[in-house]
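These values consider heavy atoms only, across backbone and side chains, with no hydrogens, waters or symmetry-generated copies.
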Amino acid sequence: MKAVETPSQFLSRTFGLTSAQLERVLGIATGSRDRGAFADIYFQVGTTEGLVFDQGILKNPSRSEVSGAGIRVVIGDKTGYSYTDHVNVRNLTTAARNAATIALHSQVVDPIQVGPQRQQHNLYPLEGILIGLPLPEKVDLLTRIDRECRKYDPRIKNVTVSLAVQDETVVIVTSLGDLILDRRPLIRLSVSCLAEEGSRRETGSSSGGGRLDFAFFLEDDRWKKHALKAAQEAIGLLSAVPAPAGEMTVVLGNGWPGVLIHEAVGHGLEGDFNRKGTSAFSKMIGEKVASDLCTIVDDGTVPGRRGSLNIDDEGVPTGNTVLIEKGVLKGYLQDRTNGSLMRHGSTGNGRRESYRHVPMPRMTNTYLAGGQSTPEEIIRSVKRGLYAVTFGGGQVDITNGDYTFSATSAILIEDGKLTTPVKGATLIGNGPKSLHHVSMVGNDMALDEGTGTCGKRGQSVPVGVGMPTIRIDNVTVGGTSR
């Protein structure tokens, strides 16, 4: 069995750095120890490969490399950050000085708190080769997906399949004595089908993946599920009618519709917004913020999931954080800085896009926990409403929780039965108010297939979302009145 490489060995092999050199760099970064300075170095090395199969032709094969390091110095609520694309002792030293100079413009405060100690996880052990797989193997999979989609219905006129494979290693060194390595695989398969009938054209899609290897898509023909889902959605939309407008009961399907919880609620529970008092949930811990049926969790420890991490991007092991329990707000998502300033400690949610970015509180896998009702019971309970199963884009105002989401695939509910597919439905509401209007929660909780990417302050990170089937009353639906 091949010996596991230590963080020190990795840094020595990749950048020629020694432990003594790292200590000197951190010493420069924390030169003002009397002011409670904290410093860390975030090293990142990785490769991403991508393939696109469109109109039956392999297009745009790509390969990109990333290598660099960022140094952060935190004094109180001030952060200094500097990075280098060319890692060596001289450039790290310069970056440390620059970061320290920026951070010195701060009041003297207590130092960063260590927070609760957790065991580091092993959530995505990688056994197979991730980068460098033979091209014919990957092209064969994309070709099979293309054929599966086209044979579903002759009205499928085009299929686009993309495959992205990423293999990165990060090493985090901190002034608290941490020296941690995490190898992070990430794969994603996306399928899009274009259907045509007369002058009408509709598109269906499906994506999936996680912190896994290529074999994941081949096991149990998982790729086939994505092909069929994309084809079915495209064909289904050909007969969809314009969505009705007005206030009505909305039933959300399980899995991906949890993106509404992520956007309309999750962002408002991130520590930085609450420390600054700009969130609709600020200063509400211990208060009733949702229906008794609502328990919302952020869990970065689910094995193999897209949003999971062994450690966050500050070197803190991720955790399972209950944010709302039976309608009562229990806490916020914290990184080291905001957790310390709020006297709560980190929850393992400090995340960054790359070594060029400062970490901040971010979600991992955020979901609404399951309840007691069956999906069939929930549908039967609705006299007239909308069943939304797939969502596209959305936006939320953190300060008040107002949100707008587009449902790319939805079905009318009439007299407790699913009837007519509709398109163009937009859900408009307020996150905190919608939580109070959750009247039924299903027993079919599921996470999404592994496709989510979250944006915040110009940074994008992979995330997971989830929920069971739920019923929300009094939701405003934008569409076409009838």
Side-chain angles (χ1 to χ4, degrees), residues 14 44-68 85-86 124 126-152 156-170 182-195 201 203-231 233-234 304-307 353-357 392 448-455 459-463:
T14 308
Q44 180 184 13
V45 178
T47 303
T48 300
E49 292 181 342
L51 291 177
V52 176
F53 197 78
D54 182 45
Q55 297 179 331
I57 301 172
L58 179 64
K59 298 180 179 180
N60 304 325
S62 62
R63 181 184 175 101
S64 61
E65 309 281 344
V66 62
S67 178
D85 300 323
H86 305 285
Y124 31 85
L126 187 62
E127 298 179 0
I129 298 173
L130 196 61
I131 295 294
L133 280 168
L135 182 61
E137 291 186 26
K138 292 181 283 191
V139 173
D140 178 66
L141 173 62
L142 304 187
T143 302
R144 280 190 281 169
I145 293 172
D146 180 90
R147 291 172 180 167
E148 189 73 22
C149 292
R150 292 178 187 276
K151 78 177 186 180
Y152 177 78
I156 299 291
K157 301 302 181 182
N158 189 41
V159 180
T160 302
V161 190
S162 64
L163 176 67
V165 182
Q166 179 178 294
D167 190 0
E168 288 189 351
T169 298
V170 303
D182 191 23
R183 184 185 177 192
R184 297 174 173 177
L186 192 63
I187 58 173
R188 176 172 171 167
L189 177 70
S190 298
V191 184
S192 177
C193 292
L194 174 65
R201 307 175 80 193
T203 301
S205 61
S206 181
S207 300
R211 299 197 179 277
L212 307 153
D213 61 25
F214 180 75
F216 171 76
F217 295 122
L218 303 178
E219 296 170 359
D220 301 321
D221 286 341
R222 285 191 179 94
W223 60 271
K224 188 175 293 187
K225 180 171 67 173
H226 292 295
L228 292 176
K229 182 179 178 182
E233 182 175 296
R305 298 300 307 186
R306 180 173 171 84
E353 180 176 323
S354 75
Y355 68 90
R356 297 184 177 189
H357 300 85
D448 73 289
E449 294 287 343
T451 185
T453 298
C454 173
Q459 294 192 42
S460 296
V461 296
V463 296

Problem - T160 and D54: side chain donor to acceptor below 3.5 Å - result: yes
Handout entry: Non-hydrogen atoms of C454 and V463 that approach each other most closely
Key = CB-CG1, 3.7 Å
Handout entry: Flag side-chain contact, heavy atom, 4.5 Å: P185 against D213
Key = no
Exercise for the section: Check whether any side-chain heavy atom of R63 lies under 4.5 Å from a side-chain heavy atom of I131, and answer yes or no. Expected result: yes
Handout entry: SB check K138 E49 (cutoff 4.0 Å)
Key = yes
Practice task
With sequence neighbours left out, write down each residue that passes side chain to side chain contact (heavy atoms under 4.5 Å, CB included) with T451, or none if nothing qualifies.
Solution key: R188, S207, W256, D448
Practice task
Using side chain to side chain contact (heavy atoms under 4.5 Å, CB included) as the criterion, list what pairs up with Y355, not counting sequence neighbours.
Solution key: Y42, Q44, V66, Y83, D85
Handout entry: Considering all heavy atoms, the nearest F216-R222 contact
Key = O-NH1, 2.9 Å
Completion exercise
Correct closest heavy-atom pair for C193 and A234 would be O-CB, 3.6 Å
Exercise for the section: State, yes or no, whether a side-chain contact exists between R184 and D167 at a heavy-atom distance under 4.5 Å. Expected result: no
Handout entry: Minimum heavy-atom distance between Y152 and A231, given as atom pair plus value
Key = CD2-CB, 3.7 Å
Exercise for the section: Measure the NE2-OG distance between H226 and S192 for me, rounded to the nearest 0.5 Å. Expected result: 14.0 Å
Problem - Nearest non-hydrogen partners of R211 and P462, listed with the distance - result: NH2-CG, 3.6 Å
Practice task
With the side chain counted from C-beta on, respond yes when F53 and I145 share a heavy-atom pair under 4.5 Å apart, and no when they do not.
Solution key: no
Problem - Value rounded to 0.5 Å, distance of CD1 in I57 from CG in D146 - result: 10.5 Å
Problem - From OG (S206) to CD (E449), nearest 0.5 Å - result: 6.5 Å
Problem - Rounded distance [0.5 Å steps], CZ in F214 versus CD in E137 - result: 6.5 Å
Practice task
Would you please test T453 and R306 for side chain to side chain contact (heavy atoms under 4.5 Å, CB included) and show each step?
Solution key: CA-CA 9 Å; T453 298; R306 180 173 171 84; 2.9 Å; yes
Practice task
Determine whether Y124 and D182 make a side-chain contact, defined as any pair of heavy atoms from C-beta on separated by less than 4.5 Å.
Solution key: yes
Exercise for the section: Return the set of residues passing side-chain hydrogen bond (donor to acceptor under 3.5 Å, both in side chains) with K224 (not counting sequence neighbours), or none when no residue passes. Expected result: none
Problem - Passing option when L51 is tested against N60, L135, L141 for side chain to side chain contact (heavy atoms under 4.5 Å, CB included) - result: L135
Handout entry: Electrostatic pair R144-D140, nearest N-O below 4.0 angstrom
Key = yes
Fill in the blank from the handout: Here the pair of heavy atoms bringing E353 nearest to S460 is OE1-N, 2.8 Å
Exercise for the section: Answer yes or no: is there a side-chain heavy-atom contact under 4.5 Å between I187 and L130? Expected result: yes
Handout entry: N158 side chain vs Q55 backbone, donor-acceptor pair below 3.5 Å
Key = yes
